[in-house]
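Notes follow the structure.
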Amino acid sequence: MSLQLYNTLTRSKERFEPIDPTNVRMYACGPTVYSFIHIGNGRMLVVFDLLFRVLRRTYGTGHVTYARNITDVDDKINARAAEEGVSIAEVTERTTQQFHADAAGLVCLPPTIEPRATGHIEEMKALCETLVSKGHAYVADGHVLFDVPSMRDYGRLSNRSVEEMEAGARVDVAPYKRSPMDFVLWKPSKPGVPAWPSPCGIAEAGRPGWHIECSAMAGKHLGKVFDIHGGGIDLVFPHHENELAQSRCAHGTHVMANVWMHNGFLEAAEGEKMSKSLGNFITVRELLDQTPGEAGRLALLSSHYRQPLPWSERLVQDSRRTLDLWYELAADADDDGEIAPDVLEALEDDLNTPKAIAALHALRAEAAKGNATAKASLKASAQFMGFLQSSFDEWRAWRPAGVAIDEAAVHALIIARLQARKRKDFKESDRIRDELAAMGIQLKDAKNKDTGEIETTWEVKR
RNA sequence: GGCCACGUGGCGGAGUGGUUACGCAGCGGAUUGCAAAUCCGUGGACAUCGGUUCGAACCCGGUCGUGGCCUCCA
């Protein structure tokens, strides 16, 4: 089976045909760096990371270009810097580093290119000039505005007409706009916020509007038309709609990207969207403090990427336990296993991760019965999806942040308990077990297959 | 108000015209000094009302419910 992807533009699943198989190009809208990313952002990272992996496997590691931008010019960043009394650069630098740590924690490969908005101001200005010269933008009151009525099929991606949008508009229309839906490409700066010399003959300094940076970066690094553009479903309108409008009108192309992919939301509770604006979010940092990153990744992939995902502590715990089982089985697996066809087939069907995970469960069951091929395949398949990245010992040694345990003392108690058990002093061995339990330590006894001896491992109670 | 999703067993979650995935929990068993962990087995569902069909959870229509976008948002 070949790769099928659901395309928001056509509202259907389509067979994926790259423009150039030797250079498959994908763009995903990365974060605006003003604070910790939350797990909804994490979902987007994980979903497009998985797609990146699938593409690399199909077309070759060196034949896929994944650009994921960092937006480091934004009013929220300015506000945050002012609030903390630090420089804007400090906020963006610190947040970017944190973002990288979070992405790595969720086992996301670094993208091929990670462009930053501040590094593409000239390209943005050039886009403004081009759009004005082509009659798709105009200058008014120190702003450069995109002229929405100048684009015939504006609204195609989000499937809405300009008339509908104008009718439903809930925002006051700025007086300098010719048409209510026109949006800002460039705007004047106020004192104390970043400013650059403006394009299009505007005398005063200014800064870019929200959407232009992605058009500039995607155009520069991936070309006028590329294969896949992705992001969260909330970006469909207005961000992607406006982004593709700018790019297409500037470049004179029929599409900006052939395939547009959007992941669904995380739900905090009761079907409620999780978002920064609602304040009901969990940061990736908090998640990674409480659970291994792979467990978070598995939880984020536990439902299909276009479906809403109800987030819960239980989901995370279940995911972690599933990984416990995979790790334990894969610990002595061969390294030359094949990725299971069932797993690949599921992933190629518009990233059907629940089905792929089910296939991993089936391999686990086979492997548990002693099937070495299944065991090796489980390992290879799980690793392909970004799991089983460390050794079983490393996995077991994971501890939640802020939990201090005297490992030597625990070890000594375990030895004492085993000795008590050997002399059948069960009262004493149970007492030690209770003592450890009171310390938050959960014991696991297992019989060594070769020696027949009881061996005890432990972990922090969950 | 406009546009768009979605309603599957206790929970999570695939599927999509005809063998009712899968995971967790539950239950039964194996194992254990007793537990935990592990292993094996197992019951249980397709919001509702109509229609199409030999046959519908799956297609069509109505109803009810939930959510999203239209404003910063993954």
Side-chain angles (χ1 to χ4, degrees), chain A residues 8 11 28-32 34 37-48 74-76 79 155 158-161 163-172 181 210 230-239 241 262-267 270-278 281 284 298-312 314-322 324-325 328-329 342 346 349 352-362 364-365 368-370 420-421 424-427 429-430 433-434 436-437 442-447 454 456-459 461:
Chain A
T8 305
R11 266 147 261 277
C29 289
T32 299
Y34 68 101
I37 59 166
H38 66 84
I39 51 178
N41 304 268
R43 187 182 198 189
M44 169 261 149
L45 290 173
V46 166
V47 164
F48 290 100
D74 184 272
D75 290 353
K76 289 191 289 292
S158 53
N159 191 34
R160 57 188 91 195
S161 70
E163 297 71 45
E164 277 168 9
M165 287 187 272
E166 288 179 359
R170 301 186 310 207
V171 207
D172 289 336
M181 295 313 294
W210 175 28
I233 193 154
D234 52 339
L235 295 184
V236 173
F237 190 90
H239 185 240
E241 193 72 73
H262 296 96
N263 63 274
F265 281 125
L266 258 68
E267 293 174 347
E270 301 288 318
E272 187 185 52
K273 169 190 172 184
M274 181 182 289
S275 75
K276 284 189 179 177
S277 50
L278 291 175
F281 63 96
V284 171
L298 183 59
L300 288 168
L301 294 175
S302 68
S303 76
H304 183 87
Y305 75 92
R306 283 190 280 116
Q307 296 298 123
L309 172 58
W311 192 258
S312 68
R314 185 175 167 181
L315 170 67
V316 179
Q317 291 304 329
D318 283 357
S319 302
R320 187 172 168 197
R321 285 184 50 77
T322 298
D324 284 339
L325 298 177
E328 193 169 349
L329 266 171
D342 287 357
D349 182 12
N352 192 334
T353 50
K355 212 171 178 181
I357 292 165
L360 293 177
H361 286 309
R364 185 199 65 80
K369 287 176 191 158
R421 289 193 51 176
K424 302 219 186 296
D425 183 355
F426 297 121
K427 200 177 166 190
S429 70
D430 287 353
R433 184 168 67 196
D434 291 345
L436 283 164
Q442 175 71 55
L443 300 181
K444 286 185 193 179
D445 292 335
K447 201 175 258 180
I454 298 290
T456 301
T457 55
W458 64 277
E459 65 174 35
K461 261 192 191 161

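Values in this document were obtained by computation on a predicted structure and should not be read as measured data.
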Shortest non-hydrogen separation from A:R433 to A:L443 and the atoms involved = CG-CD1, 4.1 Å
Select from A:Y34 and A:S429 the residue whose nearest nucleotide in RNA chain B is closer to the 5' end of that strand.
-> A:S429
Indicate yes or no for a side-chain donor-acceptor contact from A:T353 to the backbone of A:L301 under 3.5 Å, with no hydrogens or angles considered.
-> yes
Within the structure shown, what part of the strands sits under 4.0 Å from A:K76 by heavy-atom distance: base, sugar-phosphate, or nothing?
-> sugar-phosphate
Pairing residues for A:R421 by the side-chain hydrogen bond (donor to acceptor under 3.5 Å, both in side chains) criterion, not counting sequence neighbours | A:D445
Nearest-angstrom distance, C1' atom, B:rU66 to B:rU8 = 15 Å
Contact class for A:G231 vs. all strands (heavy atom < 4.0 Å): base, sugar-phosphate, or nothing?
-> sugar-phosphate
Watson-Crick and G-U pairing of RNA chain B written in dot-bracket, each distance under 3.5 angstrom, with | for inter-strand partners = (((((((..(((.....[...))).(((((.......)))))....(((((..]....))))))))))))....
A:D324 side, atom CG; A:Q317 side, atom CD - distance, nearest 0.5 Å | 9.5 Å
note: A:F265, atom CZ; B:rA74, atom C1'; distance rounded to Å ~ 7 Å
Heavy-atom side-chain contact between A:F281 and A:L266 under 4.5 Å | no
From CD of A:E267 across to C1' of B:rU66 the rounded distance in Å is 9 Å
Rounded to whole angstrom units, what separation is found between the OH atom of A:Y305 and the C1' atom of B:rA5?
-> 14 Å
Hey, is NZ on A:K461 packed in by over 12 heavy atoms from elsewhere, all under 6.0 Å?
-> yes
For atom C1', what is the distance between B:rA36 and B:rG55, given to the nearest Å?
-> 50 Å
Atom-pair distance (CG on A:D430; P on B:rC34), nearest Å = 11 Å
Same-atom distance (P) from B:rG1 to B:rC60, integer angstrom = 25 Å
Is there side-chain contact between A:H361 and A:L325, with heavy atoms separated by less than 4.5 Å?
-> no
d(CD1, A:I454; P, B:rC34) in whole Å | 12 Å
Pairwise C1' distance, B:rG18 and B:rC24 [rounded to whole Å] | 30 Å
Dump every N/O contact between nucleotides 10-13 of chain B and the protein below 3.5 Å, one line per pair.
unit_1 : atom_1 : unit_2 : atom_2 : d
B:rG10 : N2     : A:R314 : NH2    : 2.8

Go through B:rA35, B:rA37, B:rC22 for me and flag the one nearest to the A:H361 side chain.
-> B:rC22
Using atom C1' of each nucleotide, how far apart are B:rU48 and B:rA57 to the nearest Å?
-> 13 Å
Partner set under side-chain hydrogen bond (donor to acceptor under 3.5 Å, both in side chains) for A:Q442, not counting sequence neighbours | none
Separation of atom CZ in A:F237 from atom P in B:rA74, rounded to whole Å | 17 Å
Between B:rG41 and B:rC6 - P atom distance, rounded Å = 35 Å
Could you go step by step and tell me if A:V46 and A:Y305 meet the side-chain contact (heavy atoms from CB on, under 4.5 Å) rule?
-> CA-CA 10 Å; A:V46 166; A:Y305 75 92; over 6 Å; no
Considering only the C1' atoms, how many Å lie between B:rA35 and B:rG67, rounded to the nearest integer?
-> 45 Å
Compare side-chain N and O positions of A:N159 against OP1 and OP2 of B:rC3 and report whether any pair is under 4.0 Å apart.
-> no
Assign A:G264 to base, sugar-phosphate, or nothing according to its heavy-atom contacts below 4.0 angstrom with the strands shown.
-> base
Restricting both atoms to N or O, compile the protein contacts to nucleotides 39-41 of chain B shorter than 3.5 Å, with distance only.
unit_1 : atom_1 : unit_2 : atom_2 : d
B:rC39 : OP1    : A:R364 : NH1    : 2.7

Rounding to a whole Å, what distance do you find between A:K447:NZ and B:rU32:C1'?
-> 8 Å
Indicate the atoms forming the closest heavy-atom contact of A:A28 with A:M44, along with that distance.
-> CB-CE, 3.5 Å
In whole angstrom, give me the gap between the P atoms of B:rG44 and B:rU32.
-> 32 Å
Report the distance from atom CG of A:D445 to atom C1' of B:rU38, rounded to the nearest whole Å.
-> 12 Å
Within the side chain of A:D318, is there an N or O that forms a donor-acceptor pair under 3.5 Å with the backbone of A:L315?
-> no
Applying side-chain hydrogen bond (donor to acceptor under 3.5 Å, both in side chains), name anything that partners A:R321, two or more places apart in sequence or on another chain.
-> none
Looking across every strand, which nucleic acid part, if any, lies under 4.0 Å from A:R11 by heavy atom: base, sugar-phosphate, or nothing?
-> nothing
Taking for A:L443 and for A:A359 the nucleotide of RNA chain B with the nearest heavy atom, the one nearer the 5' end belongs to A:A359
Correct closest heavy-atom pair for A:D342 and A:A359 would be CB-CB, 3.8 Å
